[in-house]
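Small disclaimer: the values here were computed from a predicted structure and weren't measured.
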Amino acid sequence: MSEPVNASVVRLVEIRDTPLSIDEVMAVLDDPTDGGVTVFVGRVRDHDGGKGVQGLDYSAHPTALERLRAVCEQVAADHPVHGVAAVHRVGHLDIGDIAVIVATAAAHRGQAFDASRALIDTLKAEVPIWKHQAFADGTEEWVGAP
């Protein structure tokens, strides 16, 4: 799922079922006016809550892309950034796969760090994307589901 993006600040906003690319995110934020680009990459780890994780699946509500765009626009409005990007994966992911990439570009590193932290924290709190984890002991868990 994707929709047109505002090329001026919000440069990439997508939810997709294909592998995510750090190079793609860096390319959309390439601007000679920026002294700092901060990228956060969330990967599938092999454990959670003391249990071994075998894999997981992400599901997104039909409004998730719209909500993700709103979060990106709010971060762009609240922070002195020149570029914002956020992509999240849905579907089945294995250990080590990239689940989410968020990045911001700004004139200075502190501005980019602050904006990227706000972006990932707000995305996790407000965008309706849910994680279903399968554990090595045969149990499972939904994370973030209402």
Side-chain angles (χ1 to χ4, degrees), residues 1-133 135 141-146:
M1 313 177 216
S2 67
E3 62 182 39
V5 295
N6 175 352
S8 64
V9 177
V10 178
R11 310 249 179 101
L12 176 63
V13 180
E14 288 193 6
I15 297 172
R16 59 173 76 141
D17 62 1
T18 57
L20 306 183
S21 166
I22 297 166
D23 290 339
E24 175 190 23
V25 171
M26 290 298 294
V28 300
L29 296 178
D30 188 25
D31 188 320
T33 64
D34 295 319
V37 177
T38 303
V39 179
F40 172 79
V41 177
R43 298 177 353 137
V44 178
R45 64 183 176 266
D46 67 356
H47 67 281
D48 189 32
K51 294 181 179 183
V53 172
Q54 290 186 316
L56 54 82
D57 292 276
Y58 279 100
S59 300
H61 187 272
T63 63
L65 183 60
E66 176 184 324
R67 189 67 198 117
L68 181 56
R69 170 163 295 289
V71 167
C72 289
E73 290 171 353
Q74 189 61 54
V75 166
D78 291 348
H79 296 271
V81 294
H82 304 140
V84 174
V87 289
H88 204 297
R89 181 98 181 263
V90 292
H92 181 77
L93 283 78
D94 292 316
I95 305 303
D97 285 349
I98 296 174
V100 62
I101 303 172
V102 300
T104 61
H108 303 285
R109 70 179 178 271
Q111 297 164 332
F113 274 115
D114 292 345
S116 287
R117 178 65 182 248
L119 181 54
I120 190 61
D121 288 350
T122 308
L123 181 161
K124 297 296 277 180
E126 298 183 10
V127 177
I129 297 175
W130 308 296
K131 176 170 60 173
H132 182 237
Q133 297 187 110
F135 294 109
E141 167 186 59
W142 280 95
V143 179

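- With values rounded to the nearest 0.5 angstrom, D97 atom CG is found 14.5 Å from R45 atom CZ.
- In terms of heavy atoms, H79 sits closest to A118 at NE2-CB, 3.6 Å.
- Minimum interatomic distance between A64 and V127 (heavy atoms only, all atoms of both residues): O-CG1, 3.6 Å.
- Between V81 and Q111 the shortest heavy-atom distance is CG1-O, 4.3 Å.
- Within a 6.0 Å radius of NE2 in H108, no more than 12 heavy atoms belonging to other residues, nucleotides or ligands are found.
- For the pair S21 (side chain) and E24 (backbone), a donor-acceptor distance under 3.5 Å is present.
- For the pair V143 and Q133, the minimum side-chain heavy-atom distance is below 4.5 Å.
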Original post:
What do the steps show when you test W130 against D57 for side chain to side chain contact (heavy atoms under 4.5 Å, CB included), and what is the final call?
Top reply: CA-CA 8 Å; W130 308 296; D57 292 276; over 6 Å; no

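- The shortest non-hydrogen separation linking A106 to A112 is CB-N, 3.9 Å.
- Applying the side-chain contact (heavy atoms from CB on, under 4.5 Å) rule to K124 yields the partners I120; only residues at least two apart in sequence or on another chain are considered.
- Using a 4.5 Å heavy-atom cutoff, the side chains of D46 and V53 are not in contact.
- Atom CZ of residue R16 and atom NE2 of residue H88 lie 12.5 Å apart, to the nearest 0.5 angstrom.
- Heavy-atom minimum distance, A103 versus V25: CB-CG1, 3.6 Å.
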Subject >> From CA spacing to verdict: side chain to side chain contact (heavy atoms under 4.5 Å, CB included), T122, Q74 >> reply: CA-CA 10 Å; T122 308; Q74 189 61 54; over 6 Å; no

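- A donor-acceptor pair shorter than 3.5 Å cannot be found between the side chains of T38 and T104.
- Put simply, CG on L93 and CD1 on I98 are 10.0 Å apart, with the number rounded to the nearest 0.5 Å.
- Interatomic distance, L65 CG to I15 CD1, rounded to the nearest 0.5 Å: 5.0 Å.
- Here the straight-line distance linking atom CZ of R43 with atom CD1 of I101 works out to 11.5 Å at 0.5 Å rounding.
- Going from atom CD1 of I129 over to atom OG of S59 covers 10.0 Å, rounded to the nearest 0.5 Å.
- Checked against salt bridge (Lys or Arg N to Asp or Glu O under 4.0 Å), E126 has the following partners two or more places apart in sequence or in another chain: R67.
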**OP:** Go through the steps to decide whether L56 and V44 satisfy the test side chain to side chain contact (heavy atoms under 4.5 Å, CB included), and finish with yes or no.
**Re:** CA-CA 8 Å; L56 54 82; V44 178; 3.8 Å; yes

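- D31 and T33 form a side-chain donor-acceptor contact under 3.5 Å, judged by distance and modelled atom types alone.
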**OP:** Starting from the C-alpha separation in whole Å, work towards a yes-or-no answer on side chain to side chain contact (heavy atoms under 4.5 Å, CB included) for R69 and V10.
**Re:** CA-CA 8 Å; R69 170 163 295 289; V10 178; 3.5 Å; yes

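- In this structure, A107 and D34 approach most closely via the heavy-atom pair N-OD1, 3.9 Å.
- A 6.0 Å sphere centred on CZ of F135 holds more than 12 heavy atoms belonging to other residues, nucleotides or ligands.
- A heavy-atom distance below 4.5 Å is not found between the side chains of V9 and R11.
- Looking at residues two or more places apart in sequence or on another chain, you find no ring pair (Phe, Tyr, Trp, His ring centres under 6.0 Å) involving H47.
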